[in-house]
Colleague: 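The following block contains the structure, expressed as structure tokens.
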Number of protein chains: 2
Amino acid sequence: MPTGRRERKKAATRQKIADAALRLFLERGYEAVGIREVAAEADVAVTTLFSHFASKEALVFEQDEDFEQRLVRAVTDRAAHEPLVPALRREIQALVRHCTADSAAPIWRMIDASPALREYEESMRLRHAESLAAAIAADPDLSGTPTACRAIARFVIDAYSLAREAADPQAAVGEIFQMIEAAWAVTCPSGNSTGTAGP
Amino acid sequence: MPTGRRERKKAATRQKIADAALRLFLERGYEAVGIREVAAEADVAVTTLFSHFASKEALVFEQDEDFEQRLVRAVTDRAAHEPLVPALRREIQALVRHCTADSAAPIWRMIDASPALREYEESMRLRHAESLAAAIAADPDLSGTPTACRAIARFVIDAYSLAREAADPQAAVGEIFQMIEAAWAVTCPSGNSTGTAGP
DNA sequence: GACCGTAACACTAACGGTTAGTGTTTTGAA
DNA sequence: TTCAAAACACTAACCGTTAGTGTTACGGTC
């Protein structure tokens, strides 16, 4: 039932729209390009565009589900009895390295230049934090209260967000995760705190 | 130079708009009331409304500068040599108590019901976190790195945000601040960690 | 007390994101 | 082959917001 022609066509249309949007946005700036232009460039109707993307901002953060799933899997798919925080630290380090790569620089420059995009990203991260909190709370090896799980999830998202803006992103991840390690140790006494946060 | 008639008139107009907006929003719901209606109710032009408030959402968070200033002052105006985190905990507890009071319930119900308002609030809190981080970094008694200061500021804002949604807000503040205390102790060895977090 | 610059306010008209309503084509399954 | 669903298209609007252009009303100054 999965890989029918319909789904492939749909995915192709979606990709065509996202590609056209990103190209125009990078060429002329996010705010300077209207939805009607993007739709025309992708050769679809405006309503079709909005059936694939919930908003103009969503065109930029096309694969945000990747981010969410990677964080959740860092919790659920980690080795048996591996402590939580170091696993999350590794994942955040990888994500930060990925988004501070030179190839991604133009996109992030564009995002930083637009208040609308920055605001959208933040509220997106909040959703991710909720998913992460749920994953942490669901782990039978961990004994945090719901509040502590939500707090740690937020802290982890904060780490990503702050590291992205820091002068030395990798060092910032290390520094903040030392703090997170300590915070988690307070509420989850079972965890052995392996908090070596080298650069 | 301050209390001229002009400034009083301006403040009166601003208040008239805010009052009309809040009344309409609570009566019929935030999304169901248009800007043009609010302006008509307050008997001003739409452009006048927007010269007093930057956006529709700003009508609801009329006095958000209070929040920001109270947090900053909790840092700058605390007793000499008083440790940072307990001072912030007291302030957050007061703020949470204030916004979970029964009288404020209808407003927060309205905010929780509107994604636009929730998103706006979050990005507002981010600004507050930046101000708080600056205040912490500026304190000569404290020896945190800029990254550590920003992280702690975010954590404190997270505490407010999470506590507001928790079943027992006061207990949540206590719980999260135990974590913050530990996180801060890691990066600021000079601080004596007086982390008694009662209910 | 007359004068002037400024800032509050008003009005119209538009722009840009988003959606409702309606209809057409494509496609997977019965 | 037939059918229901779903992708797509088009028009026309709604709503928040802003530009452009005036018109008052006020505070400080001579």
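Letters A, B, ... are given to chains in the order of the sequence lines, protein chains preceding strands, and every chain is numbered from 1.
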Colleague: What bend angle does the helix from dG1(C)-dC30(D) to dA30(C)-dT1(D) show across its length, from five-pair end axes and to the nearest 10 degrees?
Modeller: 20°

Colleague: Rounding to an integer number of Å, can you tell me how far L59(B) CG sits from dG16(D) C1'?
Modeller: 11 Å

Colleague: For the pair made of CD in E7(A) and P in dG28(C), what is the distance, rounded to whole Å?
Modeller: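 Rounding to the nearest Å, CD of E7(A) and P of dG28(C) are 8 Å apart.
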
Colleague: What is the separation between atom CG on D43(A) and atom P on dA9(D), rounded to the nearest whole Å?
Modeller: 7 Å

Colleague: Please list, chain by chain and in numerical order, all residues satisfying salt bridge (Lys or Arg N to Asp or Glu O under 4.0 Å) with E121(A), sequence neighbours excluded.
Modeller: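 For E121(A), the residues satisfying salt bridge (Lys or Arg N to Asp or Glu O under 4.0 Å) (neighbours in sequence not counted) are R125(A), R164(A).
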
Colleague: Could you state the atom-to-atom distance from CZ of R5(B) to C1' of dG28(D) in whole Å?
Modeller: 14 Å

Colleague: For dA7(D), does either OP1 or OP2 sit under 4.0 Å from a side-chain N or O belonging to H52(A)?
Modeller: no

Colleague: Would you indicate whether the side-chain heavy atoms of V72(B) and D77(B) approach each other to under 4.5 Å?
Modeller: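 No - every pair of side-chain heavy atoms lies 4.5 Å or more apart.
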
Colleague: Rounded to whole Å, please give me the gap between CG in L49(B) and P in dC11(C).
Modeller: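 From L49(B) CG to dC11(C) P: 14 Å.
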
Colleague: Do T13(A) and dC8(D) share a donor-acceptor pair, side chain to base, under 3.5 Å?
Modeller: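 No, the side chain and the base share no sub-3.5 Å donor-acceptor pair.
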
Colleague: Among L49(B), V46(B), L22(B), whose side chain to side chain contact (heavy atoms under 4.5 Å, CB included) with V38(B) holds?
Modeller: L49(B)

Colleague: Starting at atom CD1 of I17(A), determine the distance to atom P of dA7(D), rounded to an integer number of angstrom.
Modeller: 12 Å

Colleague: Let's test your reading of the model: under 3.5 Å, does the base of dC9(C) pair with the side chain of S51(B) as donor and acceptor?
Modeller: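 There is none.
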
Colleague: Could you tell me which residues satisfy side-chain hydrogen bond (donor to acceptor under 3.5 Å, both in side chains) with E41(B), sequence neighbours excluded, listed by chain and number?
Modeller: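 For E41(B) the side-chain hydrogen bond (donor to acceptor under 3.5 Å, both in side chains) partners, ignoring immediate neighbours, are R23(B).
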
Colleague: Among all residues two or more places apart in sequence or in another chain, which pass the salt bridge (Lys or Arg N to Asp or Glu O under 4.0 Å) test with R97(B)?
Modeller: none

Colleague: Who are the side-chain hydrogen bond (donor to acceptor under 3.5 Å, both in side chains) partners of E130(A), not counting sequence neighbours?
Modeller: none

Colleague: Could you list the residues that satisfy ring pair (Phe, Tyr, Trp, His ring centres under 6.0 Å) with F61(B), not counting sequence neighbours?
Modeller: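 Checked F61(B) against ring pair (Phe, Tyr, Trp, His ring centres under 6.0 Å); matches are Y120(B).
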
Colleague: Whole-Å distance between dC26(D) C1' and K9(B) NZ?
Modeller: 8 Å

Colleague: So, is T48(B) close to the dA10(C) phosphate, meaning a side-chain N or O under 4.0 Å from OP1 or OP2?
Modeller: yes

Colleague: Can you sort out the partners of T100(B) under side-chain hydrogen bond (donor to acceptor under 3.5 Å, both in side chains), two or more places apart, ordered by chain and number?
Modeller: none

Colleague: Which residues pass the salt bridge (Lys or Arg N to Asp or Glu O under 4.0 Å) test with E82(B), sequence neighbours left out?
Modeller: R90(B)

Colleague: Please set out all donor-acceptor pairs under 3.5 angstrom arising from side-chain atoms of residues 147-154 of chain B, sequence neighbours excluded.
Modeller:
| from | atom 1 | to | atom 2 | distance (Å) |
| --- | --- | --- | --- | --- |
| R154(B) | NH1 | S161(A) | OG | 3.4 |
| R154(B) | NH2 | S161(A) | OG | 3.1 |

Colleague: List, with names and distances, any nitrogen or oxygen atoms from the protein found under 3.5 Å away from nitrogen or oxygen atoms belonging to nucleotides 16-18 of chain C.
Modeller:
| from | atom 1 | to | atom 2 | distance (Å) |
| --- | --- | --- | --- | --- |
| dG17(C) | OP1 | K56(A) | NZ | 2.6 |
| dG17(C) | OP2 | I35(A) | N | 2.9 |
| dG17(C) | N7 | R36(A) | NH1 | 3.1 |
| dG17(C) | N7 | R36(A) | NH2 | 3.4 |
| dG17(C) | O6 | R36(A) | NH2 | 3.3 |
| dT18(C) | OP2 | K56(A) | N | 2.8 |
| dT18(C) | O4 | R36(A) | NH2 | 3.2 |

Colleague: Applying side-chain hydrogen bond (donor to acceptor under 3.5 Å, both in side chains), name anything that partners R78(A), two or more places apart in sequence or on another chain.
Modeller: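 For R78(A) the side-chain hydrogen bond (donor to acceptor under 3.5 Å, both in side chains) partners, ignoring immediate neighbours, are D139(A).
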
Colleague: What integer distance in Å separates K10(B):NZ from dG27(D):P?
Modeller: 14 Å

Colleague: In residues 113-128 of chain B, which residues come under 4.0 Å of DNA chain D by heavy atom?
Modeller: none

Colleague: State, without any angle test, whether S131(A) and E68(A) hold a side-chain donor-acceptor pair at a distance under 3.5 Å.
Modeller: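 S131(A) vs E68(A): donor-acceptor pair found between side chains.
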
Colleague: Would you indicate, yes or no, if dA9(D) has its OP1 or OP2 atom less than 4.0 angstrom from a side-chain nitrogen or oxygen of T47(A)?
Modeller: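 Answer no for this pair, as no side-chain N or O of T47(A) is under 4.0 Å from OP1 or OP2.
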
